Amino acid sequence: MDNVNYTDVLIVGAGPSGLMMAAQLLRFGVQPVIIDSKSGPDRTSKAIAVHARSLELLRQMGLADPLLAQGTPCYGMQLQSGRNILGKLDFSQMDSPHTVFPFIHIVPQDKTEKLLIDRLTENTCPVKWETRLVSIRQDDKVARVELRNQETVQKWECKWVIGADGIKSTVRECIGISFEGRPYHGRFFLADVQIEGADKRLAHFFMSKKGFLGIFPYGSNGRYRLFGLLPKEKENQWSPDIQYADIKPIVEERVGFELPVSQIFWISRFLLHKRMAEQFARQRCFLIGDAAHVHTPIGGQGMNSGIQDAANLAWKLAGVINGRMDSQVLHTYPLERMPVARATLRTTDRAFKIMTAVPSWLLPLRNTFLSLGLRYIAKKSVRIGSLFDHIAQLDVHYRKAPLAVHHATGRGVQAGDRLPFLPIF
């Protein structure tokens, strides 16, 4: 008879969402098993924006300060057409920010992951690398999974399975949930480079007739992330091993001047997708992060949304496992997180189209519209704060979810809201 292993929770995928899920479960007294098909942690920067709501969550775990020590705060954004500044937003102009973190923290994803991996290691919950999910069979009582580690096949019985295994999720495929949406047209590039003498406080968006380019500062040593769309006539010319020399003319054409790049750390080209799972849960399995929803990197919402998925689900799952809650509470996870994911997809899609998909004859009008909009927002602190709250996911609430029952007469703060930030003297 085959040996069968048992666990309350199996987490498939050791990216930010899966690692946060494991760390949250440990916080609530549940020891999960976490696996990943990779040979070890990622060494590339990937997602670099950690928003205030995620930092608040990390602060509750005692991890915010170590992460803040490794990155750079970004205090706003600037839109440019060449050297001409179209508009500027400075988050430091907020009179009464609604968080202790009134900035976007820019730090490579591998450093965020290492912080979480270290927390798991401290709690004797290591990631089982080079272990992939083969199959899932589930009913209303248990999920039976088959894992493969090199040539060894393992059989597990799990009370719950968390799919945190990205856009090509095996969990999602095994449980038959469709991933509705489409890829965006064209190919995009990311490049991590060192630029001498650039502004380290703001993210810069260059809006030229030749295309869109984003430049984001991270690291105190002049390290920056470049992000843009490859021209249609060139997107298929290069092998996957794209070099900075290939995109240098494109970058400088969109910036309008020679960019003083002194070092290249990492460069990649890729497709972008707009997709969302038809369901976030089925029987004993749940989807979080990119396994549940993917969208453009505009606004840096992807990794942060996955972290918030994990935070929403973990305390409910721990409550059920520990016998403190009825299993019906788990139905509120998709009820609360699917509307948030849908709204994020809608917002990022609109912003991305404004940045990249406007016909050339409409570009002057687009730039004028953006310039007027930014100036209008920048005139009042409350408007800057409202936009920041939206970007930082501070305005996400669950007022209409079943768990939120509001009996008070006041409507300023309601059941289902994030606990307001209140300075204490």
Side-chain angles (χ1 to χ4, degrees), residues 15-17 19-20 42 44-59 63-64 66-79 89-92 94 97-116 166 188-193 198-205 212-220 223-228 265-266 268 270 272 289-290 293-311 340-341 344-345 347-349 351-352 355 384 387-396:
S17 303
L19 292 169
M20 178 57 77
D42 271 333
T44 51
S45 54
K46 293 188 178 179
I48 59 173
V50 182
H51 288 308
R53 193 148 184 173
S54 298
L55 287 169
E56 290 175 353
L57 186 63
L58 290 165
R59 190 189 194 198
L63 298 178
L67 191 67
L68 292 174
Q70 297 187 64
T72 303
C74 176
Y75 286 96
M77 63 186 76
Q78 182 168 293
L79 262 62
L89 281 181
D90 189 344
F91 298 144
S92 66
M94 292 185 287
H98 298 153
T99 178
V100 74
F101 305 110
F103 49 82
I104 301 170
H105 190 57
I106 309 296
V107 62
Q109 180 177 317
D110 58 316
K111 294 189 181 298
T112 305
E113 290 182 2
K114 184 180 185 305
L115 199 67
L116 291 167
F188 299 80
F189 66 85
L190 284 180
D192 289 348
V193 302
D199 187 341
K200 296 180 177 64
R201 282 177 53 88
L202 303 175
H204 293 258
F205 297 91
F212 157 82
L213 181 74
I215 302 181
F216 311 92
Y218 73 100
S220 57
R223 192 163 173 166
Y224 290 80
R225 159 72 53 86
L226 309 181
F227 165 65
F265 301 102
W266 177 62
S268 177
F270 55 93
L272 287 177
D290 285 356
H293 45 77
V294 291
H295 35 74
T296 80
I298 293 292
Q301 300 297 301
M303 179 177 68
N304 293 277
S305 294
I307 286 173
Q308 297 304 320
D309 288 344
V340 174
T344 302
L345 278 168
T347 302
T348 54
D349 183 55
F352 191 68
M355 294 288 193
I384 300 174
L387 178 62
F388 176 82
D389 287 356
H390 186 65
I391 294 171
Q393 303 187 3
L394 299 179
D395 62 355
V396 171

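Computed from a prediction, not measured in an experiment: that's the story for all the values here. As a basis for the values below, the full set of heavy atoms in this structure was taken, side chains included, without hydrogen atoms, waters or symmetry mates.
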Tell me whether the centres of the aromatic rings in Y224 and F265 are closer together than 6.0 Å. no
If you look at every heavy atom in [X] and [Y], which pair is closest and at what distance?
X    : Y    : answer
E113 : G15  : OE2-CA, 3.8 Å
L55  : L67  : CD2-CD2, 4.2 Å
L394 : A52  : CD2-CB, 4.1 Å
S45  : R225 : OG-NH2, 2.7 Å
F212 : G214 : CZ-N, 3.9 Å
A49  : I104 : CB-CG2, 3.9 Å

Quick one: does [X]'s side chain get under 4.5 Å of [Y]'s, heavy atoms only?
X    : Y    : result
I48  : F227 : no
L272 : P297 : yes
L202 : M77  : no
M20  : L58  : yes
R59  : V100 : yes
D192 : R223 : yes

Parallel, tilted or perpendicular for F188 and F352, by the 30°/60° rule? tilted
Please verify the inter-ring angle class for H293 with H295; under 30° counts as parallel, over 60° as perpendicular, anything in between as tilted. parallel
Rounded distance (nearest 0.5 Å) linking atom [atom1] of [X] with atom [atom2] of [Y]:
X    : Y    : atom1 : atom2 : result
I307 : H51  : CD1   : NE2   : 10.0 Å
T296 : Q301 : OG1   : CD    : 9.0 Å
E56  : H98  : CD    : NE2   : 11.5 Å
C74  : R201 : SG    : CZ    : 9.0 Å
T112 : K114 : OG1   : NZ    : 12.0 Å
I106 : Y218 : CD1   : OH    : 10.0 Å

Could you walk me through whether R53 and N304 pass the side chain to side chain contact (heavy atoms under 4.5 Å, CB included) test, one step at a time? CA-CA 8 Å; R53 193 148 184 173; N304 293 277; over 6 Å; no
Do Q393 and T344 have a side chain donor and acceptor closer than 3.5 Å? no
What I want to check is whether the side chains of D90 and S92 have a donor and an acceptor closer together than 3.5 Å. yes
Verify side chain to side chain contact (heavy atoms under 4.5 Å, CB included) between V50 and F101, making sure each step is shown before the conclusion. CA-CA 10 Å; V50 182; F101 305 110; over 6 Å; no
Would you sort out whether V396 and Q308 count as a side chain to side chain contact (heavy atoms under 4.5 Å, CB included), showing the intermediate values? CA-CA 10 Å; V396 171; Q308 297 304 320; over 6 Å; no
Looking only at atom types and distance, does a side-chain atom of D309 sit under 3.5 Å from a main-chain N or O of G289, one as donor and one as acceptor? yes
Between F91 and I384, does the side chain to side chain contact (heavy atoms under 4.5 Å, CB included) criterion hold? Intermediate values first, please. CA-CA 7 Å; F91 298 144; I384 300 174; 3.9 Å; yes
